[in-house]
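See below for the structure under consideration.
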Amino acid sequence: MPRAVKIEASAHYVPERVVTNAELSKYMDTSDEWIQKHTGIKTRHYAINENTSDLCAKVAKKLLTEAKVEASEIDLIIVATISPDSITPATASLVQQKIDAVKAFSFDISVACAGFIFALSTAEKFLRHGNYNKAIVIAGEVNSKMMDFSDRTSAVFFGDGAGGVLLTASDNPDDEIFIAEKLETSPAPDIIHSGRIAPLSEISRDSYPKMDAFYQDGRAVYEFVTSIVPEHITNLLEQNGYTNSELELIVTHQANLRLIENIALGINVPLSKFETNVEFYGNTSSAGIAIGLDRALKRGERPHVALISGFGAGLSYGSMLLDLSRI
């Protein structure tokens, strides 16, 4: 019989270094006024001499402490990231090493800003139907290392951070927090991409791997988010017998504040129900939802119907309905 799956702990971490809009204006043709007007972002955090696995490992240690669980009890570690320490080994395996989770297996998921949703969905199924009892799911990004700081249309948006949850399987149906999910991909690989590796053009002593910086087509992203995402969320609600008025908490990908405002209008839900952290952390890609979920839980919010929704490169997007009152 399938088991229930619950959140045992949540946590997040952002690097110490705060980068203001005024500081960015020293490196590119922009201003604090322009950035705040168009994005709502005031500051972001950059990892200096820290990589993605470092941020994720700090979150993992917080999760273990909060849940009062030993690292040796963890069966599975999933890291969602588009800014890994390396293409291989997986950043999750580095996190496993840093926390000494000797019995776990680990892997990464790369679904950009929908990564936390896809990783949660994956871990939930391992726990519900497998021989596994405890999983750590972390979304972590060091976006700053992938930025082209001459491209003001992208660089001003992004920050670094990590967030995650510790999930456990339970034989008590009353512990179940997962209500429903909907995961989708509409292939459009040129709208958002990062780290493209050029193929070999010739065999030569001078041949060396080349990787591209982050790029996004801002107008296309805006059109995607304001049209497809509200429809996607509405379909999830209708297919599972819920209405927008029943949503008590909404944590979307923290792309920028203006897009979140448009989603609120698109699904006809007051902005006051949305958890946001983009103002102070910037767009932390896959980590924004995990950070927002932790912030809401730390404030003591335990809604019966919460929505988390991610969308980004691919174009991939996914949403979940959660009953957080059972935590």
Intermediate values then yes/no, side-chain hydrogen bond (donor to acceptor under 3.5 Å, both in side chains), E141 and T284: CA-CA 6 Å; E141 307 287 3; T284 51; over 6 Å; no
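- Put simply, the side chain of P84 reaches to within 4.5 Å of the side chain of T81, judged on heavy atoms.
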From CA spacing to verdict: salt bridge (charged side-chain N to carboxylate O under 4.0 Å, His left out), K61, D100: CA-CA 10 Å; K61 290 175 182 178; D100 198 27; over 6 Å; no
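- With hydrogens and angles left out, the side-chain atoms of N51 and S53 include no donor and acceptor closer than 3.5 Å.
- Note that the CG atom of L257 and the NE2 atom of H38 stand 13.5 Å from one another [nearest 0.5 Å].
- In this structure, D75 contributes its side chain and K134 its backbone to a donor-acceptor pair below 3.5 Å.
- In this structure, S204 contributes its side chain and D206 its backbone to a donor-acceptor pair below 3.5 Å.
- Among pairs with a residue in residues 260-274, those fulfilling side-chain hydrogen bond (donor to acceptor under 3.5 Å, both in side chains) read R258-E261, at least two apart in sequence or across chains.
- Residues L76 and I136 have side chains not in contact (no heavy-atom distance under 4.5 Å, counting atoms from C-beta outward).
- Proximity of N21 to T30: side-chain heavy atoms (C-beta onward) are nowhere separated by under 4.5 Å.
- The number of heavy-atom neighbours closer than 6.0 Å to CZ of F107, taken from other residues, nucleotides and ligands shown, is above 12.
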Residues K68, E8; criterion salt bridge (charged side-chain N to carboxylate O under 4.0 Å, His left out); working and verdict: CA-CA 9 Å; K68 298 179 181 178; E8 200 71 45; over 6 Å; no
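- Residues L127 and F118 fall within the same hydrophobic cluster, defined by Ile, Leu, Val, Met, Phe, Trp and Tyr side chains chained together at heavy-atom separations under 4.5 Å.
- Counting heavy atoms of neighbouring residues, nucleotides and ligands inside a 6.0 Å radius, atom NZ of K125 exceeds 12 of them.
- Between the side chains of N240 and K182, no donor-acceptor pair is found at a separation under 3.5 Å.
- The other residues sharing a hydrophobic cluster with L200 are I203, where clustering joins ILVMFWY side chains under 4.5 Å apart.
- Using a 4.0 Å cut-off between charged nitrogen and carboxylate oxygen, K98 and D54 count as a salt-bridge pair.
- Residues satisfying the side chain to side chain contact (heavy atoms under 4.5 Å, CB included) test with A188, not counting sequence neighbours, are I191, L315.
- Side chains of D175 and R326 form no contact here, defined as non-hydrogen atoms less than 4.5 Å apart.
- The nearest pair of heavy atoms linking S286 to A112 is CB-O, 3.3 Å.
- Transitive grouping of hydrophobic side chains (ILVMFWY, heavy atoms separated by less than 4.5 Å) brings L167 and I117 into a common cluster.
- Q239 CD: more than 12 foreign heavy atoms inside a 6.0 Å radius.
- Within the hydrophobic cluster formed by Ile, Leu, Val, Met, Phe, Trp and Tyr side chains joined at under 4.5 Å, directly or through other members, I291 is accompanied by V14, F280, Y281.
- Atom CD of Q36 sits in a crowded spot, with more than 12 heavy atoms from other residues, nucleotides or ligands closer than 6.0 Å.
- A distance of 8.0 Å separates CD1 of I179 from CG of L324, quoted to the nearest 0.5 Å.
- Around NE2 of H304, the count of heavy atoms belonging to other residues, nucleotides or ligands within 6.0 Å does not exceed 12.
- For the side chain to side chain contact (heavy atoms under 4.5 Å, CB included) test with F274, the passing option among I263, L307, L247 is I263; the others fail.
- Defined by atom type and a distance below 3.5 Å, a donor-acceptor pair is missing between the side-chain atoms of Y46 and E16.
- I233 and V221 fall within a single hydrophobic cluster, where Ile, Leu, Val, Met, Phe, Trp and Tyr side chains are chained together by heavy-atom contacts under 4.5 Å.
- Side-chain contact between T226 and L259: present, with at least one pair of heavy atoms (C-beta onward) separated by less than 4.5 Å.
- Here E66 contributes atom CD and L297 contributes atom CG; the two are 8.5 Å apart, rounded to the nearest 0.5 Å.
- Other residues, nucleotides and ligands contribute at most 12 non-hydrogen atoms within 6.0 Å of the CG atom of N131.
- Residue-environment remark: CD (Q97) stays at or below the threshold of 12 foreign heavy atoms within 6.0 Å.
- Residue L265 qualifies as enclosed at atom CG: its count of foreign heavy atoms under 6.0 Å is above 12.
- Test F157, F311, F116 against H253 for ring-ring contact (aromatic ring centres under 6.0 Å, His included) and you get one pass: F311.
- With salt bridges taken as basic N to acidic carboxylate O contacts below 4.0 Å, none links E50 and K145.
- Inspection of the T276 and E279 side chains reveals an N or O donor paired with an N or O acceptor under 3.5 Å.
- Residues passing the side chain to side chain contact (heavy atoms under 4.5 Å, CB included) test with Y27 are E23, L24, sequence neighbours excluded.
- Residues passing the salt bridge (charged side-chain N to carboxylate O under 4.0 Å, His left out) test with D85: none are found, sequence neighbours excluded.
- Side-chain contact check for N244 versus T234: every heavy-atom pair is 4.5 Å or farther apart.
- Inter-residue side-chain proximity for Y317 and V225 is flagged as unmet; no heavy-atom pair is nearer than 4.5 Å.
- Ionic pairing of E73 and K103 is not present here: no N-O contact between side-chain nitrogen and carboxylate oxygen is shorter than 4.0 angstrom.
- Minimum interatomic distance between L321 and L236 (heavy atoms only, all atoms of both residues): CG-CD2, 4.0 Å.
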Intermediate values then yes/no, side-chain hydrogen bond (donor to acceptor under 3.5 Å, both in side chains), N256 and T39: CA-CA 5 Å; N256 69 66; T39 72; over 6 Å; no
Worked check of side-chain hydrogen bond (donor to acceptor under 3.5 Å, both in side chains) between N172 and R3: CA-CA 8 Å; N172 183 355; R3 297 178 295 176; over 6 Å; no
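- For F105 and F126, the ring centers sit closer than 6.0 Å to each other.
- Under 3.5 Å, the side chains of S83 and N143 contain no donor-acceptor pair of N or O atoms.
- In this structure, I228 is not a member of the same hydrophobic cluster as L183, with clusters built from ILVMFWY side-chain heavy atoms closer than 4.5 Å.
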Worked check of side-chain hydrogen bond (donor to acceptor under 3.5 Å, both in side chains) between R44 and N283: CA-CA 8 Å; R44 75 283 294 143; N283 180 340; over 6 Å; no
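- Closest of all the heavy-atom pairs between N277 and G288 is ND2-O, 3.2 Å.
- Ion pairing between D174 and K6 fails under the 4.0 Å rule for side-chain N and carboxylate O.
- A donor-acceptor pair under 3.5 Å links the side-chain atoms of E246 to the main chain of T243, judged by distance alone.
- Between the side chains of S121 and E181, at least one donor-acceptor pair of N or O atoms lies under 3.5 Å.
- A donor-acceptor pair under 3.5 Å is absent between the side-chain atoms of Q216 and the main chain of I192, judged by distance alone.
- At least one side-chain heavy atom of L94 sits under 4.5 Å from a side-chain heavy atom of P89.
- In the hydrophobic cluster analysis, where Ile, Leu, Val, Met, Phe, Trp and Tyr join through side-chain heavy atoms closer than 4.5 angstrom, Y215 is grouped apart from M146.
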